[in-house]
Amino acid sequence: MIEIDQLSKHYRAPDGRLTEVLQSINLQVPQANITAVVGPSGAGKSTLAKCISLLEQPSSGSIRVNGSDLSRLDGEALRQARRSIGTVFQSSALLQRKTAWENIALPLRYLGVVDRDITARVGELLESVGLSHKAKAYPSQLSGGQRQRIGIARALALRPTVLLADEATSGLDPEATVTILDLLKKLRDDYKLAIVLITHEMDAVRQAADAVAEIRDGQIVQYGVVKALLAQPDSALGQRLLPLAAQASDAELVLQLSYRTDVPVTSDWISRLSQQFGLRIDLLGAHVEQVNGLQAGRLQVGIHFQHERLPLARLLAQFEQLGLIASVSGSVLPLREAV
Ligand SMILES: Nc1ncnc2c1ncn2[C@@H]1O[C@H](COP(=O)(O)OP(=O)(O)OP(=O)(O)O)[C@@H](O)[C@H]1O
């Protein structure tokens, strides 16, 4: 488990002025969990990654891995501590003149592990990233996604409990991205890894993350469990996880809907509701996907009341029964009247 507590980082410019890059960051990633950190360019993601990978010392605050504070160490203690955190970056940074096998073996060689144990461990790692057949290939003979998988195997060589993946899928094609994200999920489950996934791609968050934190101007401005965010029609992060392009409507009431994650939504809900309450329901936009084995969806609908106006609370309750959480995003009626 990694616990980041009140982490701040500032840089001092040559003229003595301070630039506050991270301010009081709190983030916990338990074992067997992938937490994504998203945010716009310049928000502080790379600086956070450097602090987690112990390349930079925090100005204040702590970073604890399995209870021990790694942020105040130096020398041999720091070298030892680094082993509990594996890192993969955007470019897999493999040595070009060494084979995939030799690249993975490097951290073990530096540590003085005996040859027989290196052979066993590298074999195991190649298998866990699905590339046993590429042991003898050089990086130039591998695809971008395969290089990244070898980079992940190397990051895991010393059996870390935390894996930091900093833009690990940026620049990969969609197919390779899916392979890497599936691999991260498998490693999370097999090795109970706490994975910090730094990314600017919401697709990656949707496909792989259990939780997501949004960082802006050096601060965490939103945090949530992905499953819960997907079921919140009015959460900004949830909306970005399942972005929706909806057409305009002249309906009396426009509702945002999200699938509840605990009740399956039947495909005929529009006709059922329409018939039951004499409504015309226009589907203005929809984004429905499987997310971590769950059917997740965000929809926008326009409601025309054909007969009497149904009280809003009653209508929302009907949606909820059908497995849809609704919130009002537009109404031509004063809402008081609609209620
Ligand atoms: N060594 C440094 N000295 C001074 N300012 C720095 C230093 N490193 C980063 N910064 C500043 O800190 C802020 C955050 O930078 P950082 O690289 O962490 O952002 P980021 O979220 O990773 O952006 P991107 O997605 O573009 O990589 C930026 O305004 C940057 O200029």
Side-chain angles (χ1 to χ4, degrees), residues 32 34 36 45-46 49-50 52-55 79-80 82-201 203-209:
I34 299 179
K45 303 183 299 296
S46 299
K50 283 184 209 152
I52 294 175
S53 57
L54 309 177
L55 294 172
R79 268 192 294 284
Q80 293 252 359
R82 282 215 174 104
R83 286 180 214 153
S84 56
I85 302 177
T87 43
V88 223
F89 294 102
Q90 178 172 358
S91 68
S92 48
L94 301 178
L95 297 183
Q96 296 301 315
R97 288 165 182 260
K98 298 211 176 278
T99 62
W101 194 99
E102 289 162 342
N103 266 286
I104 299 172
L106 272 178
L108 299 157
R109 288 213 190 288
Y110 286 142
L111 215 64
V113 176
V114 297
D115 282 353
R116 200 187 51 207
D117 292 348
I118 293 182
T119 305
R121 180 77 184 133
V122 175
E124 217 174 273
L125 287 160
L126 276 166
E127 200 180 320
S128 67
V129 299
L131 287 177
S132 302
H133 60 296
K134 294 288 183 185
K136 294 195 176 121
Y138 287 88
S140 60
Q141 298 168 319
L142 298 170
S143 70
Q146 289 170 337
R147 280 198 290 273
Q148 205 55 306
R149 276 148 72 189
I150 296 297
I152 291 173
R154 188 181 54 185
L156 297 179
L158 303 182
R159 301 182 195 279
T161 50
V162 173
L163 180 69
L164 169 71
D166 186 8
E167 298 288 4
T169 57
S170 299
L172 295 181
D173 62 53
E175 209 176 309
T177 298
V178 169
T179 312
I180 295 294
L181 294 174
D182 283 349
L183 175 63
L184 291 179
K185 287 193 272 185
K186 175 177 155 320
L187 297 170
R188 168 197 64 191
D189 299 338
D190 289 355
Y191 301 121
K192 306 284 173 258
L193 284 175
I195 301 180
V196 183
L197 180 71
I198 294 188
T199 182
H200 63 274
E201 296 162 343
D203 282 353
V205 178
R206 198 168 60 229
Q207 284 170 44

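Values below: all heavy atoms of this structure, side chains included; hydrogens, waters and symmetry mates excluded. Values in this document were obtained by computation on a predicted structure and should not be read as measured data.
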By side chain to side chain donor-acceptor pair (under 3.5 Å), which residues pair with [X], not counting sequence neighbours?
X: S170; result: E167
X: T199; result: none
X: T99; result: E102
X: D203; result: R206

(request) Applying side-chain contact (heavy atoms from CB on, under 4.5 Å), name anything that partners R159, two or more places apart in sequence or on another chain. (result)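 For R159 the side-chain contact (heavy atoms from CB on, under 4.5 Å) partners, ignoring immediate neighbours, are R121, E124.
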
(message) Test of understanding: with side-chain contact (heavy atoms from CB on, under 4.5 Å), list the residues that count as partners of D115, not counting sequence neighbours.
(response)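 Applying side-chain contact (heavy atoms from CB on, under 4.5 Å) to D115 gives R109, I118.
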
Is [Y] close to [X] at the side-chain level, that is, under 4.5 Å between some pair of heavy atoms?
X: D166; Y: T87; result: no
X: L164; Y: V88; result: no
X: F89; Y: I198; result: no
X: L184; Y: I152; result: yes

For the residue pair [X] and [Y], what are the closest heavy atoms and their distance?
X: L181; Y: A208; answer: CD2-CB, 3.9 Å
X: A157; Y: P107; answer: CB-CG, 4.0 Å
X: A209; Y: A36; answer: CB-CB, 3.8 Å
X: L172; Y: G144; answer: CD2-C, 3.7 Å

Which residues share a salt bridge (charged side-chain N to carboxylate O under 4.0 Å, His left out) with [X], sequence neighbours left out:
X: D117; value: none
X: R188; value: D210
X: K45; value: none
X: D182; value: K185

(request) Tell me, with the steps shown, if I150 and L126 meet side chain to side chain contact (heavy atoms under 4.5 Å, CB included). (result) CA-CA 7 Å; I150 296 297; L126 276 166; 3.8 Å; yes

Could you tell me the separation between the [atom1] atom of [X] and the [atom2] atom of [Y], rounded to the nearest 0.5 Å?
X: L111; Y: R79; atom1: CG; atom2: CZ; value: 11.0 Å
X: R97; Y: N103; atom1: CZ; atom2: CG; value: 13.0 Å
X: R149; Y: S143; atom1: CZ; atom2: OG; value: 7.0 Å
X: I85; Y: T161; atom1: CD1; atom2: OG1; value: 7.5 Å
X: L193; Y: I34; atom1: CG; atom2: CD1; value: 9.0 Å
X: Q148; Y: L94; atom1: CD; atom2: CG; value: 8.0 Å

(message) Would you say that more than 12 heavy atoms from the other residues, nucleotides or ligands in this model lie under 6.0 Å from the CD of Q96, or not?
(response) yes

(request) Give a yes or no answer on whether the side chain of R82 reaches the backbone of L54 with a donor-acceptor pair at less than 3.5 Å. (result)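 A pair under 3.5 Å: yes.
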
Would you be so kind as to tabulate the donor-acceptor pairs closer than 3.5 Å made by side chains of residues 128-142, with sequence neighbours excluded?
| unit_1 | atom_1 | unit_2 | atom_2 | d |
| --- | --- | --- | --- | --- |
| S128 | OG | L125 | O | 3.0 |
| Q141 | OE1 | Y138 | N | 2.8 |

